[in-house]
Amino acid sequence: MTQIWNIAAKEFSDGLRNRWLLAISLLFAVLAVGIAWLGAAASGQVGFTSIPATIASLASLATFLMPLIALLLAYDAIVGEEEGGTLMLLLTYPLGRGQILLGKFVGHGLILALATLIGFGCAAVAIALLVDDVELGLLLWAFGRFMVSSTLLGWVFVALAYVLSSKASEKSSAAGMALGVWFLFVLVFDLALLALLVLSKGRFNPDLLPWLLLLNPTDIYRLINLSGFEGSGNAIGLMALSSDLPVSISVLWLCLLLWVGALLLLAYWMFRRRLT
């Protein structure tokens with residue numbers, strides 16, 4: 001465990017030195033506070049509307065931002081070390097590949113978790129202080145669930161970045177694959193499912209579509225944050241089919257954790273193959 005924490009501390013200090021923590025925190029804070037007060041400007045209403053509407057807007061924002069930030073943070077975790085000549089040096093120490101991978105994951109995971117807590121926490125504090133008659137219990141529960149699920153979503157894509165970094169032969173290739181993966185999970189996946197439903201002309205069983213959402217961690221994340229509110233029935237697109245998915249919220253949380261674990265195992269397997 002000491003070796004893992006040493007590597008994690010090194011990655012965390014690199015994140016501080018490269019201003020990753022500061023930049024992500026400021027970005028989340030500015031966007032979250034702006035959405036909380038200006039999210040309904042398109043309908044002619046300025047100011048805080050409600051906790052469910054704010055969480056829904058923030059979840060939509062985080063669905064795009066969190067995977068991209070996580071991929072950019074960790075896409076060069078393996079291939080970058082190899083290009084810099086430090087990976088072989090690391091492997092001369094009494095360190096296993098699993099310890100190196102876990103250490104990097106803990107370091108990057110801490111950066112994302114703290115940035116999420118600081119950035120989105122600022123919005124929660126601002127709402128609590130500036131909005132009259134806000135339900136503090138509901139605010140704490142909603143933002144707590146939102147921040148934890150956002151962190152888990154980020155960890156999924158950090159682990160996915162390790163898979164890409166272990167596969168790529170150079171950093172530019174890893175960066176290109178990271179953008180492609182972001183495009184696939186965030187934009188293409190849902191459109192492809194909707195196209196499949198429309199073009200199949202009834203030959204595809206629509207009852208399977210809610211289950212296919214579990215193949216995309218960003219959809220699982222949306223399901224977690226759109227549930228539990230009275231306004232969640234206003235979901236559009238594939239999210240409107242989520243009511244047909246006979247699983248509990250706890251199962252959705254478990255699915256996100258399984259995504260993290262499965263991708264870390266895949267990254268470890270590819271990391272071992274890279275240097276054998």
Side-chain angles (χ1 to χ4, degrees), residues 52 55-72 74-75 112 142 145-164 166-167 176-270:
I55 293 297
S57 298
L58 288 177
S60 298
L61 171 71
T63 300
F64 289 89
L65 279 184
M66 188 63 76
L68 182 61
I69 289 173
L71 289 168
L72 292 177
Y75 79 93
L112 276 180
R145 184 177 66 167
F146 167 69
M147 289 188 287
V148 172
S149 61
S150 298
T151 301
L152 272 179
L153 180 65
W155 289 355
V156 169
F157 282 88
V158 166
L160 184 53
Y162 294 160
V163 174
L164 302 178
S166 299
K167 176 68 175 176
M177 288 191 293
L179 290 176
V181 163
W182 177 84
F183 193 76
L184 171 65
F185 280 106
V186 175
L187 299 175
V188 174
F189 186 89
D190 287 358
L191 292 176
L193 288 185
L194 286 173
L196 176 63
L197 181 62
V198 173
L199 297 177
S200 65
K201 297 180 180 179
R203 291 189 296 271
F204 182 81
N205 186 2
D207 293 336
L208 292 177
L209 278 179
W211 293 99
L212 292 178
L213 296 178
L214 301 181
L215 298 178
N216 187 349
T218 62
D219 284 332
I220 299 173
Y221 170 78
R222 289 191 190 103
L223 291 174
I224 289 174
N225 284 286
L226 290 178
S227 63
F229 294 116
E230 293 180 0
S232 60
N234 298 325
I236 60 175
L238 288 178
M239 292 298 104
L241 301 174
S242 61
S243 58
D244 298 327
L245 187 64
V247 297
S248 63
I249 296 299
S250 58
V251 173
L252 296 176
W253 284 99
L254 179 60
C255 287
L256 270 185
L257 290 173
L258 288 176
W259 266 99
V260 176
L263 288 172
L264 282 177
L265 287 175
L266 179 59
Y268 173 68
W269 178 72
M270 298 187 70

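If you're wondering where the values come from, they're calculated on a predicted model, not measured in any experiment.
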Discussion item. Quick check against the 3.5 Å criterion: does T218 have a side-chain atom that pairs as donor or acceptor with the backbone of F185?
Written reply: yes

Worksheet item: Looking only at heavy atoms, which two atoms of A161 and A70 are closest? And how far apart?
Response: CB-O, 4.4 Å

Worksheet item: Can you tell me how far the CE atom of M177 sits from the CG atom of L71, to the nearest 0.5 Å?
Response: 11.0 Å

Worksheet item: Taking C-beta and beyond as the side chain, do L256 and I224 meet within less than 4.5 Å on heavy atoms?
Response: yes

Response to the item:
Partner of R222 under side-chain contact (heavy atoms from CB on, under 4.5 Å), picked from L213, L153, D190, is D190

Fill in: Exercise: identify the closest heavy-atom pair between N225 and R145
O-NH2, 3.9 Å

Worksheet item: CH2 of W253 to OH of Y221: how many Å apart, nearest 0.5 Å?
Response: 9.0 Å

Response to the item:
d(L254 CG, I249 CD1) to nearest 0.5 Å is 12.5 Å

Worksheet item: In Å and rounded to the nearest 0.5 Å, what is the CG to CG distance from L179 to L68?
Response: 7.0 Å

Item to complete: Determine yes or no for a side-chain-to-main-chain donor-acceptor pair under 3.5 angstrom, with W259 supplying the side chain and F157 the backbone.
Response: no

Fill in: Atom of F64, atom of S60 and distance for their closest heavy-atom approach
CD1-O, 3.1 Å

Worksheet item: Distance-only, no hydrogens or angles: does the D219 side chain make a donor-acceptor pair with backbone N or O of L215 under 3.5 Å?
Response: no

Discussion item. On a heavy-atom basis, which atom in A159 and which in A267 lie closest, and how many Å separate them?
Written reply: O-CB, 4.3 Å

Discussion item. Is there a side-chain contact between Y162 and L264 in this structure, where contact means two heavy atoms from C-beta onward sitting under 4.5 Å apart?
Written reply: yes

Worksheet item: What distance do L265 atom CG and Y268 atom OH have between them, rounded to the nearest 0.5 Å?
Response: 9.5 Å

Item to complete: Specify the closest pair of heavy atoms between L252 and I220, including all atoms of both residues, with the distance to one decimal.
Response: O-CG2, 3.4 Å

Fill in: Minimal non-hydrogen separation, M66 against L112, with atom names
SD-CD2, 4.0 Å

Worksheet entry | Inter-residue atom distance F146.CZ - I55.CD1, 0.5 Å rounding | 6.0 Å

Worksheet item: Hey, mind stepping through Y75 and L164 against side chain to side chain contact (heavy atoms under 4.5 Å, CB included) and telling me if it holds?
Response: CA-CA 7 Å; Y75 79 93; L164 302 178; over 6 Å; no

